[in-house]
Amino acid sequence: MQFWKPGTAAPGSSLDRATETEQNVLSSAPLSAAISVQSARERLPIYKHRDKLLYCIEKHGVTIVVGQTGCGKTTQLPQYLYEAGWAVDGNVIACTQPRRVAATSVAQRVATEAGSLLGDEVGYTIRFEDVSDKERTRILYLTDGMLFRETLIDPLLSRYSVIMIDEAHERSVYTDLILGLLKKIRRKRPSLRIIVSSATLDATSFLDYFNAGNSPDEATIISLEGRMYPVEVGYLQESTPDYVKKAAETVWNIHMQQTPGDILVFLTGRDEIERCLEDLSEYIPTLPRTAPRLKILALHAGLSTDEQLAVFEPAERGTRKVIVSTNIAEASVTIDGIKFVVDSGFVKIRIYNPTSALSSLATVPVSIASATQRAGRAGRTSSGICYRLYPQSALNTLPRTTPPELTRTDLTTPILQLKSLGIDDLMKFEWVTSPPAESVLRALENLFAAGMVGEDGRLTVIGEKVSECPVEVNIARMLFQSKEYQCGEEMLTIAAMTTIQDVFIIPDGATGALAELERRKFTAEEGDHLTLLNAYNAFTRYGRSSSWCKSHALSFRAMSRAVSIRAQLKKYMQRFGLPVESCQGDARRLRQCLVSGYWRNGARWVADGTYRSIRGNVTLHVHPNSVLFTRKPRSGWVVFHEMEETKKTQIRILTEIEPDWLLEYGHSFKDKRTGASASSTHMQDIQA
DNA sequence: GAGCACTGC
């Protein structure tokens with residue numbers, strides 16, 4: 001067998017060793033979350049660095065801290081700063097997180113450690129939830145999205161003395177935007193202290209970013225060393241044509257040959273996970289009667305809360321737990337007790353093509369940083385082994401890091417928000433990493449077409465308002481237009497329902513066909529938007545219950561989220577003086593209102609069952625989830641919520657419209673890039 | 001007649 005056999009090969013021979021840099025990263029890490037402050041300070045090197053850390057923060061404007069997730073920086077550092085007096089005179093110490101759960105759980109832990117009530121001296125702020133006190137809170141954990149939003153109200157973030165941007169290596173859209181703003185804010189507020197915290201050594205790029213044009217000691221970098229359990233890394237001797245099959249095989253080999261300990265497998269998506277589970281279940285009957293048993297679990301975001309929680313349950317004595325997961329287990333979900341990691345070496349990421357305005361999911365090789373993070377998952381509670389399903393030689397071909405999200409996403413909303421902050425010249429904004437110029441141009445064009453930006457590139461009155469509103473511009477446009485069509489009530493619901501994903505699910509134990517039947521109960525002739533509206537209304541009519549959702553093949557989690565989003569958007573409507581009135585079942589008005597936002601997303605049905613886009617005459621396929629998947633729209637025309645590249649170009653969430661409705665909006669718009677009027681070619685089809 | 005990695009306001 002070409003694969004390194006666990007436990008049989010002599011270390012250093014057929015087991016290829018981890019590279020030196022990886023070992024550096026792997027050996028600088030964590031402190032168990034359960035340790036109290038006192039013992040942590042006694043036992044951990046972070047304590048030794050405390051004074052040096054505080055000195056660095058005192059002396060330099062920007063301090064970059066490197067230490068792996070869980071090393072204590074997130075919980076301890078803000079407390080040190082508090083003790084050192086950074087929160088006197090009403091000042092607040094902020095610490096941002098990319099994810100909501102992290103912000104809440106860390107705040108809870110720190111509140112307990114500090115002997116304070118959560119929401120009092122220590123608090124958190126996430127969307128829909130503000131557990132903090134304007135006067136009393138001194139240490140505030142918040143999502144970086146919330147901090148970015150705060151700059152729209154207080155551009156200098158004046159209530160904070162220190163801002164710590166945690167998990168900066170993840171390079172989420174809001175992390176990058178907030179870093180860009182902080183660089184700008186610091187020029188006007190030199191007293192503001194910034195801490196950028198990262199789990200990877202790549203953090204030196206943040207140092208360069210903040211030091212550019214300044215004296216070299218403007219920023220400093222400090223590494224939090226720690227004790228971590230060693231993780232050995234093994235590689236395949238030759239690359240495999242089928243890493244899913246190989247993953248199952250590797251799990252089996254570990255189970256047969258290795259000491260007890262749970263296994264975590266990284267694959268790219270639901271499909272692969274299910275295939276791997278099938279492969280593994282074929283091995284099970286060959287398990288010797290005396291051998292330990294295997295408990296195999298899937299983990300991905302599409303699962304219900306209960307199914308996700310199952311991965312945390314310890315396996316029974318004498319049973320080994322195997323979790324086959326997507327990238328969700330790389331950073332978002334931490335499972336203790338993992339001793340073996342099997343890494344396919346691949347990940348699915350979203351990429352965006354600004355020229356075609358299409359986004360797609362691509363399966364790509366992981367970055368070195370990701371591979372290191374995945375391996376680290378084996379060494380959280382004891383020493384472990386990571387099996388990489390590719391040859392060591394392939395390491396040289398892997399990128400160091402995953403490209404920042406800002407470089408592979410639609411920038412329409414971020415740029416609207418930057419403009420609202422007075423950053424009109426986007427080429428001068430100091431991006432941590434510049435997005436492609438094409439993406440910036442495409443975003444500006446979208447904003448212009450949606451009436452958010454005028455010919456001069458400045459925000460319009462409506463653009464100013466929409467920038468505050470947490471929805472994409474097309475949807476915002478419809479909310480504003482709903483006043484004219486007297487359908488604010490319904491548009492609010494549609495806005496909320498189109499933002500959430502995976503509304504219709506296949507419940508446990510039900511067949512796909514059965515779920516399909518349930519879904520048909522909500523079906524509106526006019527299309528998906530009204531179908532979503534029906535589902536929402538039924539959900540509220542039947543008491544917003546989880547069992548009702550289950551029996552109607554709806555996701556309770558998604559529906560509840562829609563309720564929150566709708567309530568939040570309603571507040572914005574009221575603030576903008578927009579009426580929230582019902583169209584009383586007049587679907588025609590509703591559909592006309594949809595066109596006010598979606599007029600650039602028009603498509604025409606053709607005889608083979610596909611559609612042609614009005615912009616570009618691209619062949620479009622209807623997503624199988626659509627109620628128009630099998631049916632020709634009576635008028636032959638639709639608008640759609642979004643298009644995406646899979647194997648084909650697909651459109652999701654369609655509604656049938658009358659073609660002349662498109663003209664009302666299309667006539668006034670000239671395509672800036674091509675100079676052609678939107679109504680030049682295909683719009684003529686409509687008129688004909 | 002076929003399918004969405006993961007976040008966030």
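Just so it is clear: chains get the letters A, B, ... in the order the sequence lines come, proteins before strands, and each one is counted from 1.
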Counting side-chain heavy atoms from C-beta on, which of B/dC6, B/dC9, B/dA2 comes nearest to A/Pro624? B/dA2
Side chain of A/Thr326: nearest nucleotide among B/dC4, B/dG3, B/dC6? B/dC6
note: A/His621, atom NE2; B/dA2, atom C1'; distance rounded to Å ~ 12 Å
Ranking B/dG1, B/dC4, B/dT7 by distance to the side chain of A/Leu361, first place goes to B/dC4
Can you sort out the partners of A/Arg612 under salt bridge (Lys or Arg N to Asp or Glu O under 4.0 Å), two or more places apart, ordered by chain and number? none
Rounded to whole Å, please give me the gap between CZ in A/Arg561 and P in B/dG8. 8 Å
Toward the 5' end of DNA chain B, which comes first, A/Gln650 or A/Asn327, by nearest nucleotide? A/Gln650
Can you tell me the distance, in whole Å, between the CG atom of A/Asp608 and the C1' atom of B/dA2? 16 Å
Contact under 4.0 Å: A/Arg100 side-chain N or O vs B/dC9 OP1/OP2: yes
May I have all residue pairs that pass salt bridge (Lys or Arg N to Asp or Glu O under 4.0 Å) and include part of residues 356-368 of chain A, sequence neighbours excluded? none
Checking A/Phe576 now: which residues fulfil ring-ring contact (aromatic ring centres under 6.0 Å, His included) with it, not counting sequence neighbours? A/Phe480
Of the listed nucleotides B/dA2, B/dC9, B/dG1, the one nearest the side chain of A/Ile126: B/dC9
For A/Thr143 and B/dC9, is the shortest distance between a side-chain N/O and OP1 or OP2 below 4.0 Å? yes
Run the salt-bridge test on A/Arg374 and A/Asp343 with the 4.0 Å N-O cut-off and return the result as yes or no. yes
Looking across every strand, which nucleic acid part, if any, lies under 4.0 Å from A/Arg171 by heavy atom: base, sugar-phosphate, or nothing? nothing
Without decimals, in angstroms, what is the distance between A/Arg127 CZ and B/dC9 P? 7 Å
Could you tell me whether A/Asp336 and A/Arg380 make a salt bridge, using a distance below 4.0 angstrom between a side-chain N and a carboxylate O? yes
For A/Asp133, what residues pass the salt bridge (Lys or Arg N to Asp or Glu O under 4.0 Å) criterion, not counting sequence neighbours? none
Closest to the A/Thr646 side chain, choosing from B/dA5, B/dG8, B/dC4: B/dC4
Heavy atoms under 4.0 Å, any strand shown: does A/Arg350 hit a base, just sugar-phosphate, or nothing? base
Kindly state which residues belonging to residues 415-423 of chain A come within less than 4.0 angstrom of DNA chain B, counting heavy atoms of the residue only, listed by number. none
Residues which pass salt bridge (Lys or Arg N to Asp or Glu O under 4.0 Å) with A/Arg652, listed by chain and number, not counting sequence neighbours: A/Glu642
Can you tell me how far P of B/dT7 sits from CD1 of A/Ile349, to the nearest Å? 16 Å
